[in-house]
There are 2 protein chains.
Amino acid sequence: MAERSKPERRRRLSRPVVLAAAVALVDREGLAALTMRRLAADLGVEPMALYRYTDGKEGLLDGLVEAFFAEVNERLRTSVEQARADTASAAEAPWRTELRRVARAFACVVHAHPEVLPVVAARPLSVPVARRPEPWLQLTEHVFAVLARAGFDDRTALAIYRTFVSWTLGCLLVDKRQVVDNPDEPDPVLRLGLHRLSAADYPRLRALVPHFAEYDDERELTDGLDKLLGRMPEAPLDAFYGRGAP
Amino acid sequence: MAERSKPERRRRLSRPVVLAAAVALVDREGLAALTMRRLAADLGVEPMALYRYTDGKEGLLDGLVEAFFAEVNERLRTSVEQARADTASAAEAPWRTELRRVARAFACVVHAHPEVLPVVAARPLSVPVARRPEPWLQLTEHVFAVLARAGFDDRTALAIYRTFVSWTLGCLLVDKRQVVDNPDEPDPVLRLGLHRLSAADYPRLRALVPHFAEYDDERELTDGLDKLLGRMPEAPLDAFYGRGAP
DNA sequence: CGCACTCCGCGTACACCGTACATTTCATTC
DNA sequence: GAATGAAATGTACGGTGTACGCGGAGTGCG
């Protein structure tokens, strides 16, 4: 009788459907709104139904990461990068263009789903490599394959990979930091909450906060990558890694 | 009568005491164990007592960040950096040595409290600059002061700051990622969980995972910083920032 | 010395969360 | 059409964050 509520997406769940709904929910209402019960309601289903596809809440978070990297891979597969005068010179090493493509795809997906960034950044801190979601494994494998094809030995490839991930992740994390305090406020001072910052204690901060968001994030991302990786020759380079690694 | 339980830290709470207990708890049992009730129990107190000092669970997380950066500042204040042949040449610009000091102090505290790293990395995504904990504001103000003293104009200082934070944060986030699957397992293959990785689909990954943890993180951190900031002259440099920023 | 006032910690209560388990419903196949 | 197995349900329990009202200890004043 009381069957017509409203979301009423009819029968047959599946893991992709559940994950897509989860991502949509997080996009729409933030990470805190992601609840077994809430997600189930969105799918027109009882909470326990989800457990067949997600292995609990923890597993659902891993599912978010999975969906995220699946989207990165997808974008990578379908994107035809338009030639850019400033980035892709004719004679550039292919591994470097490819790394840039990956970084851009990653950034793109982050901009599409900024609310899942904290999960993407933090989850690997607690789930070991071998248990990472398949799309993550695929992407990583892909990067290593590209580097191997470019002739880098294992240690150098690893160093490049780490540098690449560190920078990309760090950039996006900083890019997405909150600067505005009260978005609806017309007065810029109040909007940024500068009245909370004593002019005596934080003069520089007060002066600079208004400009925190003024920059070209994509440019910063790729420029930094070039600085970090640009001077590396194609052949193994001893100077690149430290004394480390037995 | 039933008063002698065991934690029994007697009377008079205070914000620092609560925060210290929170950090200790997180260090000892992980972020998931940080619960109002659990923390209260550790302090020998009823849960609601905490609300006078922390403004709820959310505020408690901000408190973690506060304690974290307080420790960074403390370490920065008391640390006498031993001279290092490889890093601090006699004629180096003071702002660069100082930035390195900050990065090292930050890394140090992360190593001391790895479990709070996710919070430190993710919290700024949801709390606006003006509401960040005081120690964070102080540290940031300090960095900007150093850069201003070095003669950088606002835009350049901002660019350096962002680059600095991105790299430092990214490096540590990558450094602390989990690679081992089952620490108690003697067989390396099982310990790393490589049996989960199909040799057909992930050949490179299988070969490289065992070396994921073999590197000198501090070296990587400072070397990368030098690469990112090293080529920057003391005077404002147009090539450094993109077209951005009106 | 007594009194009032303030602050601090306590206890109750409630809504909501994740999820174990047993049950019912449904789609499919004989 | 009956049987069978997977899929979704319903119930129930322990744990979580926290609003609210209370009591009691500490401090300042008269």
Side-chain angles (χ1 to χ4, degrees), chain A residues 1-23 25-26 28-65 115 118-119 122-123 126-127, chain B residues 1-23 25-26 28-65 115 118-119 122-123 126-127:
Chain A
M1 313 297 178
E3 281 223 348
R4 291 283 102 75
S5 37
K6 51 182 168 180
E8 211 61 41
R9 183 128 55 192
R10 263 286 162 244
R11 280 277 151 38
R12 259 316 158 278
L13 295 198
S14 73
R15 186 168 169 86
V17 167
V18 171
L19 294 186
V23 171
L25 173 56
V26 171
R28 206 171 349 111
E29 309 188 21
L31 204 56
L34 182 62
T35 269
M36 289 295 163
R37 292 170 144 96
R38 185 75 174 69
L39 178 57
D42 274 20
L43 287 161
V45 131
E46 294 295 308
M48 290 313 280
L50 303 176
Y51 280 78
R52 228 166 263 285
Y53 304 96
T54 61
D55 185 48
K57 176 71 177 286
E58 210 75 351
L60 183 59
L61 293 182
D62 290 331
L64 279 186
V65 177
E115 296 285 345
V119 187
R123 216 86 244 288
S126 44
V127 9
Chain B
M1 314 299 176
E3 279 223 348
R4 290 284 101 76
S5 37
K6 50 183 168 181
E8 211 61 41
R9 182 130 53 193
R10 263 286 162 245
R11 278 279 152 40
R12 259 318 156 278
L13 294 199
S14 75
R15 186 167 169 86
V17 166
V18 171
L19 262 37
V23 171
L25 173 56
V26 170
R28 206 171 348 111
E29 310 188 19
L31 204 56
L34 182 63
T35 271
M36 290 294 164
R37 293 169 144 93
R38 184 76 175 72
L39 178 57
D42 274 20
L43 288 161
V45 134
E46 293 295 309
M48 290 314 283
L50 303 175
Y51 281 78
R52 289 212 192 261
Y53 304 96
T54 60
D55 185 49
K57 176 70 179 285
E58 212 75 350
L60 183 58
L61 292 182
D62 290 331
L64 279 186
V65 178
E115 296 285 345
V119 187
R123 213 89 245 288
S126 44
V127 9

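Lettering follows sequence order; numbering is per chain, from 1.
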Once rounded to the nearest 0.5 Å, what's the spacing between atom CG of B:Leu60 and atom CG of B:Leu50? 7.5 Å

When you check the gap from the basic side-chain N to the acidic O, do B:Glu58 and B:Arg123 get nearer than 4.0 Å? yes

If the sugar-phosphate is the primed atoms plus P, OP1 and OP2 and the base is the rest, what is the B/S/- string for nucleotides 12-21 of chain C, using protein heavy atoms under 4.0 Å? -B---BBBBB

Contacts of type side-chain hydrogen bond (donor to acceptor under 3.5 Å, both in side chains), residue B:Arg38, not counting sequence neighbours: B:Glu29, B:Asp42

Gap between atoms CZ and P, on B:Arg12 and C:dC7 respectively (whole Å): 12 Å

Given side chains that start at C-beta, do those of B:Leu39 and B:Val45 come closer than 4.5 Å, heavy atoms only? no

Would you kindly give the CG-to-C1' distance between A:Leu13 and D:dA6, to the nearest whole Å? 13 Å

Taking every heavy atom of A:Pro118 against every heavy atom of A:Leu31, the minimum-distance pair comes out as CG-CD2, 4.4 Å

Of all heavy-atom pairs linking A:Thr54 and A:Arg15, the shortest is CA-NH1, 3.9 Å

With distance as the sole criterion, do the side chain of A:Arg52 and the base of D:dA6 form a donor-acceptor contact below 3.5 Å? no

Atom-to-atom span, CG of B:Leu50 to C1' of C:dC10 - whole angstrom: 12 Å

